[in-house]
Amino acid sequence: MLLSLITVTRNNAEGLKKTAESLRRQSFQAFEWLVIDGGSTDDSVDFLKSIGVDFISEPDRGIYDAMNKGIDRANGFFLLFLNAGDTLAGDDTLTGLVGYIHELQETPDFIYGDALEERPGQAPSYKPARPY
């Protein structure tokens, strides 16, 4: 099962590096990482070229336009959106997600979960998933 991980970003090279490292450590590697860059002027494009990730860098009409560009390019059965700087909870997060999907009786349309939000100078904040 191929997953498409989509990152939308602009001028956040440091965040891209954090996200890339988190994805590199995943035990489940059957994913494509698509980065939709809004025309960065920092080191983002150079970094993306250096790691050989599938990306485009061009102006867009905002975050949702960028997300739609990612959806249009995606080949995976499931899509996971990670902003630049987002990291997965552990090295087996994608393995657990795929295992969970395989255990379900029906293919879900939407899966969501809890998050841990980290902000500079503040303690991490636990954000439980809300019912949709």
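In this text the structure is predicted, and so the values were computed from the model without any measurement.
- Electrostatic pairing of Lys69 and Glu58 counts as a salt bridge here, judged by a charged N lying under 4.0 Å from a carboxylate O.
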Practice item. Test side-chain contact (heavy atoms from CB on, under 4.5 Å) on Phe28 and Thr93 and set out the steps. Key: CA-CA 8 Å; Phe28 181 87; Thr93 299; over 6 Å; no

Practice item. Give the intermediate values and the outcome of side chain to side chain donor-acceptor pair (under 3.5 Å) for residues Ser125 and Glu117. Key: CA-CA 5 Å; Ser125 172; Glu117 187 173 303; 5.9 Å; no

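- The two residues Ser57 and Ser40 come nearest to each other via the heavy atoms OG-N, 3.9 Å.
- In this structure, the side chains of Thr107 and Phe77 come closer than 4.5 Å at one or more pairs of heavy atoms.
- If you take CG on Leu94 and CG on Leu23, they are separated by 7.0 Å, rounding to the nearest 0.5 Å.
- In this structure, Leu116 and Lys127 have side chains that are not in contact, with every pair of non-hydrogen atoms separated by 4.5 Å or more.
- In plain terms, the two heavy atoms of Ala13 and Ser44 that are nearest each other are N-OG, 3.2 Å.
- In this structure, CG on Asn11 lies 4.5 Å from CG on Asp42, to the nearest 0.5 angstrom.
- Salt-bridge annotation for Arg73 and Asp54: present, with a side-chain N of the basic residue lying under 4.0 Å from a carboxylate O of the acidic one.
- Under the 4.5 Å side-chain heavy-atom criterion for grouping Ile, Leu, Val, Met, Phe, Trp and Tyr, Ile71 is connected to Ile63 within one hydrophobic cluster.
- Distance CG/Leu16 to CG/Asp37: 7.5 Å, rounded to 0.5 Å.
- Put simply, the side chain of Val98 does not reach to within 4.5 Å of the side chain of Phe31, judged on heavy atoms.
- At a threshold of 4.5 Å between non-hydrogen side-chain atoms, the residues Phe78 and Pro108 count as touching.
- Contact of the Ile111 side chain with the Ile101 side chain is registered, since non-hydrogen atoms from C-beta on lie closer than 4.5 Å.
- Residue Leu79 holds its CG atom at 9.0 Å from CG of Leu5, rounded to the nearest 0.5 Å.
- Nearest heavy-atom pair across Ser4 and Gly76 is OG-N, 2.7 Å.
- Contact check for Trp33 versus Val35: side-chain heavy atoms found under the 4.5 Å cut-off.
- Scanning all heavy atoms of the two residues, the minimum distance from Thr95 to Ser27 falls at OG1-OG, 2.6 Å.
- Taking CG from Asp46 and CD1 from Ile51, the interatomic distance works out to 12.0 Å, rounded to the nearest 0.5 Å.
- With respect to Lys18 and Glu21, no salt bridge is recorded, no charged nitrogen being found less than 4.0 Å from a carboxylate O.
- Within the 4.5 Å cutoff, the side chain of Val8 has no heavy atoms near those of the Asp60 side chain.
- Linking ILVMFWY side-chain heavy atoms closer than 4.5 Å, directly or via other members, places Leu3 and Phe81 in two distinct hydrophobic clusters.
- Listed by first then second residue, pairs satisfying ring pair (Phe, Tyr, Trp, His ring centres under 6.0 Å) with a partner in residues 107-128 read Phe110-Tyr112, Phe110-Tyr132, Tyr112-Tyr132, not counting sequence neighbours.
- For residues 90-111, every residue pair satisfying the salt bridge (Lys or Arg N to Asp or Glu O under 4.0 Å) rule, not counting sequence neighbours, is listed here: Arg25-Asp91.
- Checked by atom type and distance alone, the side chain of Asp86 pairs as donor or acceptor with a backbone atom of Asn83 at under 3.5 Å.
- Taking OG1 from Thr19 and CD from Glu14, the interatomic distance works out to 11.0 Å, rounded to the nearest 0.5 Å.
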Practice item. Let me see the working for Thr7 and Val53 under side-chain contact (heavy atoms from CB on, under 4.5 Å), right down to the final yes or no. Key: CA-CA 11 Å; Thr7 298; Val53 68; over 6 Å; no

Review point. Should Ile36 and Ile56 be marked as a side-chain contact (heavy atoms from CB on, under 4.5 Å) after you check the CA-CA gap, both sets of side-chain angles, and the distance that decides it?
Key: CA-CA 5 Å; Ile36 311 302; Ile56 59 171; 3.8 Å; yes

